[in-house]
Amino acid sequence: MENTQWKLKQHGRIPRNNTIALVVLDGWGENKPDQYNCIHVAETPTMDKLKEGAPEKWRLIKAHGTAVGLPSEDDMGNSEVGHNALGAGRIFAQGAKLVDIALASGKIYDGEGFKYIKESFETGTLHLIGLLSDGGVHSRLDQLQLLLKGASERGAKRIRVHILTDGRDVLDGSSVGFVETLEKDLSDLRAKGIDAQIASGGGRMYVTMDRYENDWNVVKRGWDAQVLGEAPHKFRNAVEAVKKLREDPKISDQYIPPFVIVDENDKAVGPIVDGDAVVTFNFRADRMVMLAKALEYEDFDKFDRVRFPKIRYAGMLEYDGELKLPSHYLVSPPEIDRTSGEYLVHNGVRTFACSETVKFGHVTFFWNGNRSGYFNQELEEYVEIPSDVGITFNVQPKMKAIEIAERAKKAILSRKFHQIRVNIPNSDMVGHTGDIEATVVACKAADEAVKMIIDAIEQVGGIYVITADHGNAEEMVKRNKSGEPALGKDGKIQVLTSHTLQPVPIAIGGPGLPNDVRLRSDLPGAGLANVAATVINLHGYEAPADYEPSLIEVYDA
Ligand SMILES: O=C(O)[C@H](O)COP(=O)(O)O
Ligand SMILES: [Mn+2]
Ligand SMILES: [Mn+2]
């Protein structure tokens, strides 16, 4: 930005050059203590001790709904909006909301992206690929429904939907209902003379929606079904497919194997071919970037695409502002500018960021406003620890927490960096599996990682800031209105695999924290966006004037 005053004013009362560890516990919310709160059940002495510092050194902040730019207070937080807010220090209307607005006003159809794909409607098929649920984290069913209606009213004559079943942002087993709803909509379209069908499907974690290049096989499985029309399972309709494949007790919605829908001659009904249009209807970037690359890049060596159809492709949003990927999109993404990371490099603050693959982009890409790469490689180092591949994380609930903490410790002790920023993934990634016992182990491992980092900070006389991006492991059961566990049709509790609406803790401390610094007692509505100004202050600078207010104050002792 041309006129940005990058130089930050020095904070009058807090010195510069502190070593600050900034830890984001992924999916770690605050909730009442009971057996479904895995954080409570787990041994977490480090986090428990931090809480004892309340309210001067520990408080809760909002991590869901409008506090992080989501459409409503019913929207649970997620990593994208959470890390965006943490890094950018302001609240931006997020993808979910921007798409709602564009659909409601009809502006989505006047944009460059829609005009571009529309050119294929006369002779080609419109393919819609994305996550089929109302989770509101990556996509929303009602947005898909509006898009189907809007496209068909504007000339799409042949439509194929390639579904990815959820069970991660919504209850496991809910996929059947979503597919039934979509089938009904498509049959209504058929009654109007539009040739509309589901063409392929698969569970989001096994088909297509990998992230940060952890496992290209996931994308390949999707490619084979969506583009080539090939899959190990063939069905005549998608409701039957999902029901049948779920009969295997090992298969959950997230992991449904790839299937294609075939006609009476056993031929796939909707491979993607030259001249077609494709829209990936997820608004969230991380789990669409890999498919976007496969659909768009001429040069591509991640797997053998066999065929690379000449298509008109648009994303629901632009997924990566730096890579300009995809080149065409239906809705412009939030313009998250002037993030704290960018300010800090302009002021000579040296940063180290680290997580394992599945969360690496959270503390880099999302943190920096959905921007890949460094601001200034001289001053920043980003380290990715390879995640385990091909397993569900309840099998290895400790994940790479200790390795991440080791790297952070090394970075802290090296005294080369002012900010050491990490994401500890366990409570989130294992919480999503719905395995309560494994999630308890995960929370314990995360707590141990925090301890290692705090110990290192003690050694160098630094400061720590421990927080989280949204809830998950603190609530592992769906509840009825009176707060009791809700029972499913089978009389069993319904395990909650998704995030929650709960607030998250923030704790500050360490020998470098000046004695006269404490958390303010006002700002009851504060959320994740207030963390950036807090951290900038702890680095010894005033935060930019338009950042959400800092959570700390210096008082006269
Ligand atoms: O993508 C996922 O894994 C979930 O939909 C959301 O989890 P995250 O927001 O913590 O990444
Ligand atoms: Mn998260
Ligand atoms: Mn999550």
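We number each residue from 1, following the sequence as shown. Predicted, not measured: the structure shown is a model, and the values here were computed from it.
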Once the angle between the rings of H470 and H499 is folded into 0 to 90°, is it parallel (under 30°), tilted (30 to 60°) or perpendicular (over 60°)?
parallel
For the pair D172 and R246, find out whether any cationic side-chain nitrogen is under 4.0 Å from an anionic carboxylate oxygen.
yes
N-O pairing of K244 and E247 below 4.0 Å:
yes
Less than 4.5 Å apart, side chain to side chain, heavy atoms only: is that true for [X] and [Y]?
X    : Y    : result
V430 : M399 : yes
I101 : K107 : no
D26  : I424 : no
H138 : E80  : no
R284 : S79  : yes

Would you say [X] has more than 12 foreign heavy atoms packed within less than 6.0 Å of its [atom1]?
X    : atom1 : result
Y206 : OH    : no
N265 : CG    : yes
E437 : CD    : no

Tested for side-chain contact (heavy atoms from CB on, under 4.5 Å) against I129, the lone hit among N282, V279, I272 is I272
Listed by chain and number, what are the salt bridge (Lys or Arg N to Asp or Glu O under 4.0 Å) partners of K115, not counting sequence neighbours?
none
Polar side chain donor-acceptor pair, [X] to [Y], under 3.5 angstrom:
X    : Y    : result
D435 : T433 : no
N370 : D320 : no
E73  : T66  : yes
N31  : N37  : no

Ignoring hydrogens, what is the shortest heavy-atom contact between G203 and T165? Give both atom names and the distance.
CA-OG1, 3.2 Å
Give me the atom names and distance for the closest heavy-atom approach of K62 to A67.
CB-CB, 3.8 Å
With sequence neighbours excluded, what pairs up with [X] under the side chain to side chain donor-acceptor pair (under 3.5 Å) test?
X    : result
S175 : D253
Q145 : D185
E474 : T500

Which residues pass the ring-ring contact (aromatic ring centres under 6.0 Å, His included) test with F366, sequence neighbours left out?
H362
Taken to the nearest 0.5 Å, the spacing of S372 OG from L323 CG works out to 4.0 Å
Mind checking the CD1-CG spacing from I198 to L132? Nearest 0.5 Å is all I need.
7.0 Å
Under the side-chain contact (heavy atoms from CB on, under 4.5 Å) rule, collect the residues that match up with F308, sequence neighbours excluded.
W223, E298, R305
Under 6.0 Å from the ring centre and within 45 degrees of the ring axis: does the NZ or CZ of R154 meet both conditions for the six-membered ring of Y109?
yes
Would you check, one step at a time, whether the test salt bridge (Lys or Arg N to Asp or Glu O under 4.0 Å) holds for R190 with D188?
CA-CA 5 Å; R190 288 197 292 275; D188 290 349; over 6 Å; no
